Amino acid sequence: MAISLKRTGQLGAANVKFLGYGAAGTGKTRAIATLPKPIVLSAEAGLLSIKEFDLPYLEIATLEDLQEAYSWVTQSAEAKGFESVALDSITEIAEVVLAAEKLKTEGGKKVHGMRAYGEMADKMADVVRAFRDLPAHHVYFSAQLEKSTDEQGAMFFAPAMPGNKFAQKIPYFFDEVFAFRKEAGSFALLTSTDGLWSAKDRSGKLDLWEPPDLGLIIKKIAGVQP
């Protein structure tokens, strides 16, 4: 293998990959409209909040649908006209994959539940990596909210995913994890954990609270003045 030495200072923010989560009605889907030229991969019947923007979307009902969408995004000439890909929501997609795994049989018997969760986690990890690593698009994954308690009984909030294994793993796939919150009567994004909500900003260029404008956030991370 030929060695090509690189430097971290050369890393740019040409394509930002987000994970955003929150309770219903906090603007996770509506934020898609703030992305540059988005295509929506929708696994939820919740696009009415962006009806006014007349955005293009693909319906995702199965893992095969998602795989076909990935092939379309990476191979079709039409997809080159989009700058962003939004998956709404990764929680619902994981539930679809889990349901399919639970229906599988071996020797006339259903696959054990624990194995179904493990298979779902492995397949979803592959899906998240594939879309996260798209070289020519910003990628936004929305997720539902889960309230949990740690080993000491302390409450915390994080992206909702079926199965503990995948739920604990998914924030590590991203440099940018935002919690959609409603504060003082308006919506905002929490970009760094407060000990109760899971969030992070590895770019170091965002304020603790940002408006729910993903296009503006992309510009801030890239160092472009709005």
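Residue indices begin at 1 and follow the sequence shown. What you see is a predicted model; the values in this text were computed from it and never measured.
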Shortest non-hydrogen contact between [X] and [Y], atoms and distance:
{"X": "E92", "Y": "A43", "value": "CG-O, 3.1 Å"}
{"X": "S142", "Y": "K28", "value": "CB-CB, 4.3 Å"}
{"X": "T191", "Y": "D207", "value": "OG1-O, 2.6 Å"}
{"X": "A130", "Y": "Y70", "value": "O-CE1, 3.5 Å"}
{"X": "P212", "Y": "A188", "value": "CD-CA, 4.2 Å"}
{"X": "E146", "Y": "A167", "value": "OE1-CB, 4.4 Å"}

Hey, mind stepping through L58 and E68 against side chain to side chain contact (heavy atoms under 4.5 Å, CB included) and telling me if it holds? CA-CA 10 Å; L58 303 174; E68 288 180 12; over 6 Å; no
Got [X] and [Y] here, is their nearest side-chain heavy-atom distance under 4.5 Å?
{"X": "K37", "Y": "H138", "answer": "no"}
{"X": "P56", "Y": "F82", "answer": "yes"}
{"X": "L145", "Y": "W197", "answer": "yes"}
{"X": "I217", "Y": "F18", "answer": "yes"}
{"X": "V128", "Y": "I90", "answer": "yes"}
{"X": "L189", "Y": "L214", "answer": "yes"}
{"X": "V139", "Y": "D133", "answer": "no"}
{"X": "H137", "Y": "F131", "answer": "no"}

Please report the C-alpha distance between W72 and I39 in whole Å, then the side-chain angles of each, then the deciding distance to 0.1 Å, and finally whether the side chain to side chain contact (heavy atoms under 4.5 Å, CB included) criterion is met. CA-CA 11 Å; W72 179 82; I39 175 72; 4.1 Å; yes
Main-chain N/O of [Y] paired with [X] side-chain donor or acceptor, under 3.5 Å:
{"X": "Y21", "Y": "S198", "result": "yes"}
{"X": "K102", "Y": "Y117", "result": "no"}
{"X": "K123", "Y": "L98", "result": "no"}
{"X": "T91", "Y": "A160", "result": "yes"}
{"X": "K17", "Y": "R132", "result": "yes"}
{"X": "K200", "Y": "P171", "result": "yes"}
{"X": "S84", "Y": "P36", "result": "yes"}

State the [atom1]-[atom2] distance between [X] and [Y], to the nearest 0.5 angstrom.
{"X": "L19", "Y": "Y140", "atom1": "CG", "atom2": "OH", "result": "8.0 Å"}
{"X": "K147", "Y": "M155", "atom1": "NZ", "atom2": "CE", "result": "5.5 Å"}
{"X": "I60", "Y": "L63", "atom1": "CD1", "atom2": "CG", "result": "9.5 Å"}
{"X": "T29", "Y": "I50", "atom1": "OG1", "atom2": "CD1", "result": "6.5 Å"}
{"X": "T74", "Y": "L134", "atom1": "OG1", "atom2": "CG", "result": "7.5 Å"}
{"X": "L87", "Y": "S89", "atom1": "CG", "atom2": "OG", "result": "9.5 Å"}

Residue list, side chain to side chain donor-acceptor pair (under 3.5 Å) with W209, at least two apart or on another chain: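 By the side chain to side chain donor-acceptor pair (under 3.5 Å) rule, W209 matches no residue at all.
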For S203, what residues pass the side chain to side chain donor-acceptor pair (under 3.5 Å) criterion, not counting sequence neighbours?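 Only D201 meet the side chain to side chain donor-acceptor pair (under 3.5 Å) criterion with S203.
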Are Y57 and L55 connected, step by step, through hydrophobic side chains (Ile, Leu, Val, Met, Phe, Trp, Tyr) whose heavy atoms are closer than 4.5 Å?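 Shared cluster, yes.
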Any ion pair linking E210 and K205 (charged N to carboxylate O, less than 4.0 Å)?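 Here K205 does not pair with E210 in a salt bridge, since their nearest N and O are not under 4.0 Å apart.
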Could D126 and R129 be called an ion pair, given the rule that one side-chain N must be under 4.0 Å from one carboxylate O?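 Yes.
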Considering residues, nucleotides and ligands other than F173, do more than 12 of their heavy atoms fall under 6.0 Å from its CZ?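 Yes, CZ of F173 has more than 12 neighbouring heavy atoms, counting only those of other groups under 6.0 Å.
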Worked check of side chain to side chain contact (heavy atoms under 4.5 Å, CB included) between E101 and R115: CA-CA 9 Å; E101 291 299 323; R115 181 176 170 184; over 6 Å; no
Check against side chain to side chain contact (heavy atoms under 4.5 Å, CB included), M124 and I93: CA-CA 8 Å; M124 288 305 302; I93 292 170; 3.8 Å; yes
Do F187 and F180 have ring centroids that are under 6.0 Å from one another?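 Centroid distance F180-F187: not below 6.0 Å, so no.
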